[in-house]
Number of protein chains: 2
Amino acid sequence: MLWIMSRNPEEPVYNRIEEARAALGLSRQDLADRAGVHYQTIGYLEREEYSPSLVLALRIAKSLNQEVSELFSLTPLKKGK
Amino acid sequence: MLWIMSRNPEEPVYNRIEEARAALGLSRQDLADRAGVHYQTIGYLEREEYSPSLVLALRIAKSLNQEVSELFSLTPLKKGK
DNA sequence: TATTTTTGTTGCATTAATGCTATGTAGCAT
DNA sequence: ATGCTACATAGCATTAATGCAACAAAAATA
């Protein structure tokens, strides 16, 4: 059985995680700890190599004090706001 | 290689899909069409047998004219509101 | 400069999300 | 009774999300 490594799904989700994280002065490891995931998972998300599960999106939003819709979008996000 | 069928993850996400869908008088098939997924996927979600991907959560929220946070939660949701 | 911290990248393993088919049931019409 | 629609459930296949280890590259800082 072979698995073609995912990393780059067909359906991207744009996000503002890095921006929001930086605004709080948190490292990826810090955010990962708050959200209860591996720090590299945060990296994958910020690089938009894949989109998070809803559970993770909800945890990240809470960790960054943001609404899910403020952090994640099906359409490209502009900087700021 | 064997796969133990998922259906019942460890990390549940509570939702108000059925309620919101009924409020709009939509069948599962109707909502599935709008969200671009299989009608049984809606069933699984309503029965909370698993939680959706963020992509799907965003599409469902849009299909029901609701905020993601209004439809989905990491903690049990009370009826109404 | 040397050390430490943060981030990027690759590879592999596991589990969850989703599709699809088929079947069963219950309700509501003809 | 027959048919139709909506929903439940189960089996199997595929792909995505995540963990984790190892290592490289930057960047920050002592």
Side-chain angles (χ1 to χ4, degrees), chain A residues 1-64 68 71-74 79, chain B residues 1-64 68 71-74 79:
Chain A
M1 173 136 331
L2 85 172
W3 336 228
I4 300 87
M5 269 314 84
S6 11
R7 255 101 235 204
N8 280 90
E10 14 55 63
E11 190 100 35
V13 171
Y14 304 91
N15 72 75
R16 201 138 40 188
I17 296 177
E18 183 164 28
E19 190 183 341
R21 175 174 64 77
L24 295 180
L26 301 174
S27 70
R28 287 179 178 177
Q29 181 66 66
D30 293 333
L31 176 54
D33 290 343
R34 293 192 183 196
V37 292
H38 202 267
Y39 79 98
Q40 290 172 336
T41 295
I42 303 296
Y44 283 123
L45 296 180
E46 293 190 351
R47 274 176 264 125
E48 293 176 343
E49 290 189 34
Y50 59 55
S51 61
S53 65
L54 178 56
V55 177
L56 182 50
L58 289 169
R59 293 218 223 103
I60 289 178
K62 171 177 288 186
S63 299
L64 296 173
V68 171
L71 277 179
F72 303 94
S73 170
L74 293 176
K79 276 287 169 188
Chain B
M1 171 140 328
L2 84 170
W3 336 227
I4 303 84
M5 270 313 83
S6 11
R7 255 102 233 204
N8 279 87
E10 11 59 61
E11 191 101 36
V13 171
Y14 304 91
N15 72 74
R16 201 139 38 187
I17 296 178
E18 184 164 26
E19 189 183 341
R21 174 174 65 78
L24 295 179
L26 301 174
S27 70
R28 289 181 177 175
Q29 182 66 66
D30 292 333
L31 176 54
D33 290 343
R34 293 192 184 196
V37 292
H38 202 267
Y39 80 97
Q40 288 171 338
T41 295
I42 303 297
Y44 284 124
L45 297 180
E46 293 189 352
R47 274 175 263 124
E48 292 176 346
E49 290 188 33
Y50 59 57
S51 60
S53 65
L54 177 56
V55 177
L56 182 50
L58 289 170
R59 294 217 224 103
I60 289 178
K62 170 178 290 187
S63 299
L64 296 173
V68 171
L71 277 177
F72 303 95
S73 171
L74 293 175
K79 275 290 171 187

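Protein chains get the first letters and strands the later ones, always in sequence-line order, with residue 1 at the start of each. If you're wondering where the values come from, they're calculated on a predicted model, not measured in any experiment.
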Trainee: Mind checking if B:Arg21 touches a base, just sugar-phosphate, or nothing, with heavy atoms under 4.0 Å?
Mentor: sugar-phosphate

Trainee: Between A:Glu49 (CD) and D:dA16 (P), how many Å, whole number?
Mentor: 13 Å

Trainee: A:Ile42 CD1 to D:dT18 P: how many Å, rounded?
Mentor: 9 Å

Trainee: Can you tell me the distance, in whole Å, between the OH atom of B:Tyr44 and the P atom of D:dG11?
Mentor: 10 Å

Trainee: What's the NE2-C1' distance between B:His38 and C:dC20, to the nearest Å?
Mentor: 5 Å

Trainee: Find the distance A:Leu56:CG to C:dA16:P and express it as a whole number of Å.
Mentor: 15 Å

Trainee: Of all the nucleotides listed (C:dT18, D:dT18, C:dA17), which has the minimum atom distance to the side chain of B:Val37?
Mentor: C:dT18

Trainee: Between D:dA28 atom P and A:Gln29 atom CD, what is the distance in whole Å?
Mentor: 19 Å

Trainee: If a pair satisfies ring-ring contact (aromatic ring centres under 6.0 Å, His included) and one of its residues is in residues 7-39 of chain A, list it, with sequence neighbours excluded.
Mentor: none

Trainee: Go through the structure and list residues passing side chain to side chain contact (heavy atoms under 4.5 Å, CB included) with A:Asp30, not counting sequence neighbours.
Mentor: A:Leu26, A:Ser27

Trainee: What's the shortest heavy-atom distance between A:Leu45 and A:Tyr50, and which atoms?
Mentor: CD2-O, 3.3 Å

Trainee: Starting at CD of A:Glu46 and ending at C1' of C:dT9, how long is that distance when rounded to a whole Å?
Mentor: 15 Å

Trainee: Is the phosphate of C:dT18, meaning OP1 or OP2, less than 4.0 Å from a side-chain N or O of B:Ser53?
Mentor: yes

Trainee: C:dA17, D:dT18, C:dG19: which one has an atom nearest the side-chain heavy atoms of A:Thr41?
Mentor: D:dT18

Trainee: From CD of B:Glu48 over to P of C:dT18, roughly how many Å is that when rounded to an integer?
Mentor: 14 Å

Trainee: Give every pair of a protein N or O atom and an N or O atom of nucleotides 22-30 of chain C that lie under 3.5 Å apart, one pair per line with the distance.
Mentor:
| from | atom 1 | to | atom 2 | distance (Å) |
| --- | --- | --- | --- | --- |
| C:dA22 | N6 | B:Gln40 | NE2 | 2.6 |

Trainee: Checking contacts here: which listed nucleotide (C:dT9, D:dA10, C:dT7) is nearest the side-chain heavy atoms of A:Arg47?
Mentor: C:dT9

Trainee: For B:Glu48, check salt bridge (Lys or Arg N to Asp or Glu O under 4.0 Å) against everything at least two apart and list the hits.
Mentor: none

Trainee: Only distances under 3.5 Å count here; give the side-chain donor-acceptor pairs of residues 52-64 of chain A to other protein atoms, sequence neighbours excluded, each with its distance to 0.1 Å.
Mentor:
| from | atom 1 | to | atom 2 | distance (Å) |
| --- | --- | --- | --- | --- |
| A:Ser53 | OG | A:Leu56 | N | 3.1 |
| A:Arg59 | NH1 | A:Ala35 | O | 2.6 |
| A:Arg59 | NH2 | B:Glu11 | OE1 | 3.1 |
| A:Ser63 | OG | A:Arg59 | O | 2.8 |

Trainee: Applying side-chain hydrogen bond (donor to acceptor under 3.5 Å, both in side chains), can you list everything that pairs with A:Gln40, at least two apart in sequence or on another chain?
Mentor: none

Trainee: Report the distance from atom CD of A:Glu46 to atom OG1 of A:Thr41, rounding to the nearest 0.5 Å.
Mentor: 11.5 Å

